[in-house]
Amino acid sequence: MVNPTLTIRIASSLAALGICWFVSGVATGLYIRDVRGTFLFFFWSLPFFVVGWTLVGIPIIVMGDQILRIPKALLGVAGATVGAMVMLLPTLVLWAISLGTQHFRLDWAYLKGWPAFGAGIGAAGVILYGWLLSRAVYRKTPNLNID
């Protein structure tokens, strides 16, 4: 297997990030049935995607081709975990700033909302990155067919 270059890994990571960002924005707009919601999501979701890419994208880029040897289900679980954590991050920061005056409860109803949406985006993004990287490696692998 050919080890992909850093440029290919970064390009695959940013492509997966962009695809997930766009699809999730359209999905949000379709869910709330409002075009303005889509544009608001595109604007306000950028910090979340930057944090998610920093927490997941950079370590995956550093891993090189090792990411292709990890089972896709495990990649999906890891991406879903970080995606949910990124969506819970504002709540955790507000709870820490309030110095105990706010009670922090994680109801199942709350976890089914934005954290579940973030988990889906995270899982899809990591699996998409693995697929894009495998396609790039497949294109770079020399053909060894001997006739």
Shared hydrophobic cluster, F117 / L46 (ILVMFWY, side-chain heavy atoms < 4.5 Å):
yes
Can you name the nearest heavy-atom pair linking S24 to F41, along with the distance?
OG-CE2, 3.3 Å
Using the rule given for side chain to side chain contact (heavy atoms under 4.5 Å, CB included), can you reason through W53 versus L14, listing the C-alpha separation, both sets of side-chain angles and the distance that settles it, and then say yes or no?
CA-CA 9 Å; W53 185 80; L14 292 176; 4.1 Å; yes
V126 and W131: same hydrophobic cluster, using ILVMFWY side-chain contacts below 4.5 Å?
no
How long is the span from the CD1 atom in I67 to the CD1 atom in I60, to the nearest 0.5 Å?
4.0 Å
Linked, directly or transitively: V82 and L133 (ILVMFWY side chains, under 4.5 Å)
yes
Shared ILVMFWY cluster between V56 and M85, side chains joined below 4.5 angstrom?
no
Heavy-atom closest pair, residues A16 and G125:
CB-O, 3.8 Å
Work out which heavy atom in G29 is nearest to a heavy atom in T38; give both atom names and the distance.
CA-OG1, 2.9 Å
Roughly how far apart are I58 CD1 and I10 CD1, rounded to 0.5 Å?
9.0 Å
Within the structure provided, determine whether I121 and F49 are in side-chain contact (heavy-atom separation under 4.5 Å).
yes
Nearest heavy-atom neighbours spanning V50 and T54
O-OG1, 2.7 Å
L75 with V77, same ILVMFWY side-chain cluster at under 4.5 Å:
no
Would you say I8 and S12 make side-chain contact, with heavy atoms under 4.5 Å?
yes
Over all atoms of both residues, closest heavy-atom pair of I61 and R9:
O-NE, 2.7 Å
Nearest 0.5 Å, please: how far is CG in D34 from CZ in F39?
10.5 Å
For L68 and G130 the tightest heavy-atom approach is CD2-O, 3.5 Å
Out of curiosity, L17 CG to L128 CG, how far, rounded to the nearest 0.5 Å?
10.0 Å
Specify whether F42 and F22 have parallel, tilted or perpendicular ring planes, treating 30° as the upper limit for parallel and 60° as the lower limit for perpendicular.
parallel
